[in-house]
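Bear in mind that the values here come from a model prediction, so they are computed numbers and not experimental data. Positions are given from 1, in the same order as the sequence printed here.
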Amino acid sequence: GFFLATNHGIEDSLMDAMMSVSREFFRQPAEEKQKCSNLVDGNGKDYQVEGYGSDKVVSEDQVLNWSDRLHLRVEPEGERNFAKWPSHPESFRDVLQEYASRTKKIRDLVLRSIAELLEIDEDYFVNQISNKASGFARFNYYPPCPRPDLVLGLRPHSDGGLLTILFNDDNVGGLQIQRDGRWYNVPTKPHTLLINLADCLEIMNNGIFRSPFHRVVTNVEKDRLSLAVFYAVDAETMLEPAPGLLDDKRPSRYRKMLAKDFVAGLFEHFRQGKRFIDTLKI
Ligand SMILES: O=C(O)CCC(=O)C(=O)O
Ligand SMILES: [Fe+2]
């Protein structure tokens, strides 16, 4: 599920600052942004996980998303690679660090609330995350697009991690969610966060809360910005439904898989517009 959260504990001023430093980053000339490039030095074809750029290009006929992004690791805290973090605007680093400390608290609060709703041990999901689990901030920038009929801002996908905390531009919509084969617009509201229960959580809760298929459409006139913070489990975690949710009448609906093997299969399925998680269904 996707849900909107208000009264989430992040002050309006911090959210405004986060949006404004993000805008300032993307507004810079390309040469400046390239200083944080996601291409491995020089050769122009090898991509790394962190940095600024576009999709990984793997074939000539690949249809790219109409967006740029800046992808930065925020968890584990000790592994933040500040060399990839923008140095302009100057406050970018502090604002993101503060923002990420807040979203982490929201992550744990949501995971505990979900466990409570499911009537299992309140800490079950939180305990699946050790201090080695990763968190990434992904800033998406969608420029105005002259042909919205031809290209998407972001192709259909479900988020591969445990939980995503999404902060959207409130000036312009674009995010859509699929339900029963139809696409619906997700409303925007100032200072509201969108919480997305992602693939790994769908497996762990045995499909009670689904990880929604979503996409972003482009807009002729307006540009758009969003910031997703993706939280994952450790690479070595076995993804499987919580034992407390299973019994004779409620068998497991997913095959088990190590989190790192799941992550390894995600990109190829994303490129093909498919959900990898569907291949695990029993
Ligand atoms: O820009 C958005 O609203 C959605 C972004 C998104 O789905 C993602 O980064 O995974
Ligand atoms: Fe997403």
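Hydrophobic clustering keeps F230 apart from Y99 (ILVMFWY residues linked when any side-chain heavy atoms are closer than 4.5 Å, directly or through intermediates). Put simply, I129 and I114 are part of the same group of oily side chains (I, L, V, M, F, W, Y) that touch within less than 4.5 Å, one to the next.
A donor atom on one side chain and an acceptor atom on the other are found under 3.5 Å apart for S211 and D199. Counted by atom type alone, N140 and S226 present one or more donor-acceptor pairs between their side chains at under 3.5 Å. Judged by distance alone, the side chains of N38 and R69 never bring a donor and an acceptor atom under 3.5 Å apart. With 3.5 Å as the limit, one finds no donor-acceptor pair spanning the side chains of S54 and D68. Y231 and T103 share a donor-acceptor pair across their side chains, judged by distance under 3.5 Å alone.
The heavy-atom pair separating A115 from E122 by the smallest distance is CB-O, 3.5 Å.
Aromatic ring pairs are classed by plane angle as parallel below 30°, tilted from 30° to 60° and perpendicular above 60°; the pair Y52 and F25 is perpendicular. Between F276 and H269, the two ring planes are tilted [angle within 30° to 60°]. Using cut-offs of 30° and 60° on the angle between ring planes, the pair W183 and F213 is parallel.
Panel note: side chain H214, backbone Q178; no donor-acceptor pair is recorded below 3.5 Å. Side-chain atoms of N206 come within 3.5 Å of backbone N or O of R253 as a donor-acceptor pair. The backbone N or O of V151 lies less than 3.5 Å from a partner atom in the side chain of T218, making a donor-acceptor pair. Without hydrogens or angle criteria, K33 side chain to F26 main chain gives a donor-acceptor distance under 3.5 Å. When atom types are taken as modelled, the side chain of W85 and the backbone of L72 share no donor-acceptor pair closer than 3.5 angstrom. Between the side chain of D169 and the backbone N or O of N171, at least one donor-acceptor pair lies under 3.5 Å.
Salt-bridge check for D223 with R27: failed, with every basic side-chain N at 4.0 Å or more from each acidic carboxylate O. A salt bridge between R112 and D123 is present, with a side-chain N of the basic residue lying under 4.0 Å from a carboxylate O of the acidic one. In this structure, E50 does not pair ionically with K84, as no charged nitrogen and carboxylate oxygen lie closer than 4.0 Å.
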